[in-house]
Asker: 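My questions will all concern the structure given below.
Side chains included, hydrogens not; waters and symmetry mates left out as well; all remaining heavy atoms used.
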Amino acid sequence: MKSYISTTGIKRVTISNSVEGGGSKGATVAATTTAAARGRLSSRPLLPVVLVLGIVLPFLFLRIAFLVLESASSSSCSSPIECKGWRLFSRGYISQKLREELTRALMEVKDGNIVEGGTEGSLETFNELVTEMTSKQQDIKAFALKTKAMLLDMERKVQSAKKHELMYWYLASRGVPKSLHCLCLKLTEEYAVNAMARTRLPPPEHVSRLADTSFQHIVLLTDNVLAASVVISSTVEKTANPEKLVFHIVTDKKTYSPMHAWFAINSLKSAVVEVKGLHQYDWSQEVNVGVKQMSEIHHLICSHYYNDLKEEDFEHGGEHQNFFEALKPSCLSLMNHLRIYIPELFPDLNKIVFLDDDVVVQHDISSLWTLDLNGKVVGAVVDSWCGDNCCPGRKYKDYLNFSHPTISSNLDQDRCAWLSGMNVFDLEAWRRTNITSSYHKWLKLSLNTGFTLWQPGVLSPSLLAFEGHVHPIDPLWQVAGLGYRSSSAQGQILEAAAVLHFTGPAKPWLEIGSPEIEDRENGSNTIWKQAEGRRFCLQSLHIVGNR
């Protein structure tokens, strides 16, 4: 028997030799037993290793295959070790590296290297770009060049399309709509064949009211029959005492017959309406010359800006917005410019309320005649509904050119411009001033300076001529800025305002003014207000349509 020491203690092995050859057999059996024990001990830690390798090896194989394919098509690797070696488990680093390479390539592609319309043979669609980049093995800089060229070209097209759409929108409002043209033709025919359409306005028994200062006189200068009907209909409907109202409509010679026929056929039983054409006025030679010069200068101003607008490439941010004023009908309309001659048009009146033909009256305006103007000539909304000194989009700098020393040395560019469209005029105070002559001086100065003093429009020279003669009134008397694609005025403000002024091209009587009419509860308040204006129009058209 032999003994030995192991890690588990003293082991004893007995070798029997009672049988011949038995010693060898016993030794063999003992050795076999010991080997089997060792095999059982060594197989235990190998099983988890085999399981782990069975899971990891397929993943490593796929991962290496993807990296090999990626590195074969990529030019951003500086060495095979970088592409296949330590980047093996660095997916975040790969994305960051790709972003850096792409950013550097885009920065290297200067806008000056990309001509308008893209590069030579530029692609039109994203699918074409993908097809070319996958079929041709091009580096990332070529991809950045083509992508940036395509994006810049598409951006130019989109911006140009939007601005041209706005210009065409203005042009649509400038053209005479077919419905209004047909209305004037029908009314002219009525004036020629229908004796009722030629009856005197106002009736003889009401002629004395035209110069009676105890009545409330409202003046409209317009050549739009339907627009005048909207203003007068809405005013009479909302006034508590319409029998106190006297409307004075001044129009041109071509519109006099249809305008007269309209209000003669659709006479108002309560209020008094006078229709007078410019050809019926007997002005002095001085006034005639002044009106002619004023009209010619305004035509030159609008033509100047209109020609610039047609040549505009629409690449100068929002500067083109000011040019659109040259497309407005009021820019060329003599009726719109004649407001500077209101004292001469109505020599017997001392106080009037002036209304533009693109307003809708939704509350009683009778109290305007009792306002104390404190010796000023015109009462107008100065501060806006959004608070004191708040006048979005209508500060002096929005109308006048303050880069010109003549303007910047006399006015503050951040002052709020007063609103036209609904104004109270003290004609007696006006006659004691030189407002009209000052207006002409500014027009001539604008002509001599190449039309650089202000943007086209009626209000710009009026701001200069009426400087120091404006009395601010409550902002809720008038809300302007309607008739555009969007309005910043809130619904509650629109409800509370006495007069809604559609200064934009979408007038209430035009089809483009209300592309959709929604419910008051479900839709936009602004759209609903446009629909309310059109309601007066449709009522007026319905009267003539039934004749």
Asker: Walk me through whether Asp364 and Ser366 qualify under side-chain hydrogen bond (donor to acceptor under 3.5 Å, both in side chains).
Answerer: CA-CA 6 Å; Asp364 194 347; Ser366 300; 2.7 Å; yes
Asker: Using atom types as modelled and distance alone, determine if a side-chain donor or acceptor of Ser234 lies under 3.5 Å from a backbone N or O of Val230.
Answerer: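 Present.
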Asker: Check Met422 against Val499 and note the closest heavy-atom contact, atom names and distance.
Answerer: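 Residues Met422 and Val499, closest heavy atoms: CG-CG2, 3.8 Å.
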Asker: Can Asp426 and Arg432 be counted as an ion pair, charged N to O under 4.0 angstrom?
Answerer: no
Asker: Under 3.5 Å, is there a donor-acceptor pair between the side chain of Glu344 and the main chain of Ser284?
Answerer: no
Asker: Distance-only, no hydrogens or angles: does the His363 side chain make a donor-acceptor pair with backbone N or O of Lys238 under 3.5 Å?
Answerer: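 No: the side chain of His363 does not pair with the backbone of Lys238.
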Asker: Do you know which two heavy atoms are closest between Arg431 and Phe346, and how far apart they sit?
Answerer: NH2-O, 2.9 Å
Asker: Is a side-chain donor or acceptor of Thr503 paired with a backbone partner of Gly481 at a separation under 3.5 angstrom?
Answerer: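 Yes, Thr503 side chain to Gly481 backbone: donor-acceptor pair under 3.5 Å.
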Asker: Residues two or more places apart in sequence or in another chain: which of them pass salt bridge (Lys or Arg N to Asp or Glu O under 4.0 Å) with Asp357?
Answerer: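 Salt bridge (Lys or Arg N to Asp or Glu O under 4.0 Å) check on Asp357 returns nothing, list empty.
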Asker: Regarding His404 and Thr406, do their side chains bring together a donor and an acceptor under 3.5 Å, going by distance alone?
Answerer: yes
Asker: State, with a plain yes or no, whether a side-chain heavy atom of Phe402 is found less than 4.5 Å away from one of Leu411.
Answerer: yes
Asker: Compare all side-chain heavy atoms of Leu419 with those of Trp477 and state whether any distance is below 4.5 angstrom.
Answerer: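 Leu419 vs Trp477: side chains apart.
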Asker: Does either side chain, that of Asp212 or that of Ser214, offer a donor lying less than 3.5 Å from an acceptor on the other one?
Answerer: yes
Asker: Could you check whether any side-chain heavy atom of Ile342 comes within less than 4.5 Å of a side-chain heavy atom of Arg339, counting everything from C-beta outward?
Answerer: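 A side-chain contact under 4.5 Å exists here.
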Asker: Quick check: does any side chain N or O of Asp474 sit under 3.5 Å from a backbone N or O of Leu476, one acting as donor and the other as acceptor?
Answerer: yes
Asker: If you define the side chain from C-beta out and look only at heavy atoms, does anything of Leu400 sit under 4.5 Å from Leu464?
Answerer: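 Yes; the side chains approach each other to less than 4.5 Å.
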Asker: What's the spacing between Ile249 CD1 and Asn224 CG if we round to 0.5 Å?
Answerer: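 Taking CD1 in Ile249 and CG in Asn224, the distance rounds to 11.0 Å.
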Asker: For the CZ atom of Arg198 and the CD1 atom of Ile265, what is their distance to the nearest 0.5 Å?
Answerer: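 If we round to the nearest 0.5 Å, Arg198:CZ and Ile265:CD1 are 10.5 Å apart.
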Asker: For Gln280, does the CD atom sit with more than 12 other heavy atoms under 6.0 Å from it, leaving out its own atoms?
Answerer: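 Enclosed: over 12 neighbouring heavy atoms sit under 6.0 Å from CD of Gln280.
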Asker: Can you name the nearest heavy-atom pair linking Phe247 to Val236, along with the distance?
Answerer: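 Looking at all heavy atoms of both residues, the closest pair is CE1-CG2, 3.7 Å.
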Asker: Are the side chain of Thr188 and the backbone N or O of Cys184 linked by a donor-acceptor pair below 3.5 Å?
Answerer: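 Yes; at least one donor-acceptor contact below 3.5 Å.
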Asker: Is there a side-chain contact (heavy atoms from CB on, under 4.5 Å) between Leu278 and Tyr256 once you walk through the steps?
Answerer: CA-CA 9 Å; Leu278 291 177; Tyr256 172 76; over 6 Å; no
Asker: Side-chain contact test, heavy atoms from C-beta onward, threshold under 4.5 Å: evaluate it for Leu463 versus Trp418 and give yes or no.
Answerer: yes
Asker: Hey, does Val291 have a side-chain heavy atom less than 4.5 Å from the side chain of Val287?
Answerer: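 The answer is yes, as the side chains (C-beta and beyond) meet within the 4.5 Å cut-off.
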Asker: Sub-3.5 Å donor-acceptor pair from the side chain of Lys351 to the main-chain atoms of Trp369, do we have one?
Answerer: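 Between the backbone of Trp369 and the side chain of Lys351 there is a qualifying donor-acceptor contact (under 3.5 Å).
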Asker: From Lys276 NZ over to His260 NE2, what is the distance, rounded to the nearest 0.5 angstrom?
Answerer: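 One gets 12.5 Å once the value is rounded to the nearest 0.5 Å.
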Asker: Determine yes or no for a side-chain-to-main-chain donor-acceptor pair under 3.5 angstrom, with Glu274 supplying the side chain and Val246 the backbone.
Answerer: no
Asker: Are the gamma sulfurs of Cys391 and Cys416 separated by less than 2.5 Å?
Answerer: yes
Asker: Calculate, to the nearest 0.5 Å, the distance between atoms CG and CG belonging to Leu221 and Leu355 respectively.
Answerer: 10.5 Å
Asker: Do Tyr191 and Pro258 touch side chain to side chain, with heavy atoms closer than 4.5 Å?
Answerer: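 No, too far: nothing below the 4.5 Å cut-off.
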Asker: Using 30° and 60° as the class boundaries, would you call the ring planes of Phe425 and Phe354 parallel, tilted or perpendicular?
Answerer: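 Because their plane-to-plane angle is over 60°, the rings of Phe425 and Phe354 count as perpendicular.
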Asker: If every non-hydrogen atom of Val382 is compared with every non-hydrogen atom of Arg394, which pair is closest and at what distance?
Answerer: O-NH2, 2.5 Å
Asker: Side chains of His501 and Leu482: closer than 4.5 Å at any heavy-atom pair?
Answerer: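 No; the side chains remain at least 4.5 Å from each other.
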Asker: Can a donor-acceptor pair be found, under 3.5 Å and without considering hydrogens, that links the side chain of Arg200 to the backbone of Ala264?
Answerer: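 Not a single qualifying donor-acceptor pair exists.
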Asker: When rounded to the nearest 0.5 angstrom, what is the spacing between CD1 in Ile340 and CD1 in Ile435?
Answerer: 7.0 Å
Asker: Checking Lys254 now: which residues fulfil salt bridge (Lys or Arg N to Asp or Glu O under 4.0 Å) with it, not counting sequence neighbours?
Answerer: Asp252
Asker: In sequence, state the C-alpha distance, the side-chain angles, and the governing distance for Ser438 and Glu467, and then conclude on side-chain contact (heavy atoms from CB on, under 4.5 Å).
Answerer: CA-CA 10 Å; Ser438 175; Glu467 177 67 16; over 6 Å; no
Asker: Decide yes or no on side-chain contact (heavy atoms from CB on, under 4.5 Å) for Tyr396 and Ile407, but give the supporting numbers first.
Answerer: CA-CA 10 Å; Tyr396 271 49; Ile407 300 297; over 6 Å; no
Asker: Output the distance between atom NZ (Lys397) and atom OG (Ser408), rounded to the nearest 0.5 Å.
Answerer: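 Output value for this atom pair is 14.5 Å.
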Asker: Answer yes or no: is there a donor N or O on one side and an acceptor on the other, between the side chain of Lys376 and the main chain of Gly468, under 3.5 Å?
Answerer: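 Such a contact is found between Lys376 side chain and Gly468 backbone.
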Asker: Between Trp454 and Ile301, does a side-chain contact (heavy atoms from CB on, under 4.5 Å) hold up when you go through it step by step?
Answerer: CA-CA 10 Å; Trp454 58 72; Ile301 293 174; 4.1 Å; yes
Asker: Is the distance from the ring center of Trp430 to that of Phe466 below 6.0 Å?
Answerer: yes
